[in-house]
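Each ligand, and each atom within it, is numbered from 1 in the order the structure gives. Only heavy atoms go into these numbers, but all of them, side chains included; no hydrogens, no water, no symmetry mates.
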Amino acid sequence: MNISVTLTQNPKARPDESKLGFGKYYTDHMFMMNYDIGQGWHDARIVPYGPIALEPSAMCIHYAQETFEGLKAYRHEDGSISLFRPMENARRLNASDDRLCIPYIPEEDIIQAIRELVRVDQDWVPRQPETSLYIRPFVFATQPNVGVHPSESYLFVIILSPVGAYYAEGLAPVKIYVEDKYTRASRGGTGATKAAANYAQSLKAQQEAHEKGYSQVLWLDSVEQKYVEEVGAMNIFFKIDGEVITPALTGSILPGITRKSTVELLKHWGIPVSERRLSVQEIVDAAHSGKLEEVFGTGTAAVVSPVGELCYNGEKFTVSNNQIGELTQKIYDELTGIQWGKRPDPFGWVMPL
Ligand SMILES: *Cc1c(COP(=O)(O)O)cnc(C)c1O
């Protein structure tokens, strides 16, 4: 794939690396590529970051035919930059696109686009501990037509955002509300995809949980509201009586790359781990009998997020004395150690830029 490059004439001032937050700042450039029926993907280009002109009738605005990905570039101590399992993101983008009737993009083209864009803006990859460059690829329908059918034209865009630790307080236990009114993903729906529509419909539950003092919701299955699925933008793990359990990928759960890496790491360490159906009752019982040892979420943004409190049906459960669990910390240290090049990478997960 040939990517043309137009450099900005107005480079931005760099934000203070100690106050990056998450998703507040964007770099100088973005990648764009068009799709038109009959022509396929064409005009791959890196251009100055800026607004995108769309017809008011562009289909993405009306029917949310849009998918996205999230990954990071990490700066190592020697100044070099790497990506973490980017092929997994490229494959998952195509899996999401297939479900949303968006045309396939060759995975090697997705990786090439990410690498060339990060190279152009490589000075934006922050250097302070715990910081990284968040990479957001997304694809959306642009055909000007308010009929409900797959669009005949699309834009594939990649933007970059220098980010700090996801939680300003650093690695600290979060409070999670077990959601028993709203559901996230239905059987046969789009729960396994990173489709924009999934997030729009989840905001209400998140807002109500915030009002009750919880930072995220834990979703239950939409059929019986009995089985645990995942958290807002994280997969979830429970350590019960020595066994680590995460819900099996049944089609309504997002197949997280941090989830997959965590499962592979636990197997490598010889720690019992299972992907299976897990009822909320089993967790409540474990909490009552003192066997609920640790709970943590996994996702690219926060990597590993310890859970210190769960609330279900009006009852509150404290986990690990509201401290970071021992295994949670070990997984966090190992994954972030591999990502920032501080620990060896026996799995071949790291791709140098
Ligand atoms: C992105 C996402 C995750 C985490 O996936 P990673 O690949 O680990 O970042 C989990 N759940 C949902 C709903 C997500 O959107």
Whether Phe156 and Phe31 hold their rings parallel, tilted or perpendicular, with breakpoints at 30° and 60°:
perpendicular
Output the distance between atom OG1 (Thr142) and atom CD (Glu152), rounded to the nearest 0.5 Å.
10.5 Å
Testing the 3.5 Å rule here: is there a donor-acceptor pair between the side chains of Glu17 and Thr131?
no
Just checking, is any N or O donor in the side chain of Glu208 or Tyr177 under 3.5 Å from an acceptor N or O on the other one?
no
Can you tell me if Glu315 and His288 form a side-chain donor-acceptor pair at under 3.5 Å?
yes
Lys342: what forms a side chain to side chain contact (heavy atoms under 4.5 Å, CB included) with it, not counting sequence neighbours?
Trp340
N or O contacts of ligand 1 with protein under 3.5 Å, please list pair by pair.
| unit_1 | atom_1 | unit_2 | atom_2 | d |
| --- | --- | --- | --- | --- |
| ligand 1 | 7 (O) | Arg92 | NH1 | 2.8 |
| ligand 1 | 7 (O) | Arg92 | NH2 | 3.1 |
| ligand 1 | 7 (O) | Ile257 | N | 2.8 |
| ligand 1 | 8 (O) | Ile257 | N | 3.2 |
| ligand 1 | 8 (O) | Thr258 | N | 2.9 |
| ligand 1 | 8 (O) | Thr258 | OG1 | 2.6 |
| ligand 1 | 9 (O) | Thr300 | N | 2.9 |
| ligand 1 | 9 (O) | Thr300 | OG1 | 2.6 |
| ligand 1 | 11 (N) | Glu230 | OE1 | 2.5 |
| ligand 1 | 15 (O) | Lys194 | NZ | 2.8 |
| ligand 1 | 15 (O) | Tyr199 | OH | 2.3 |

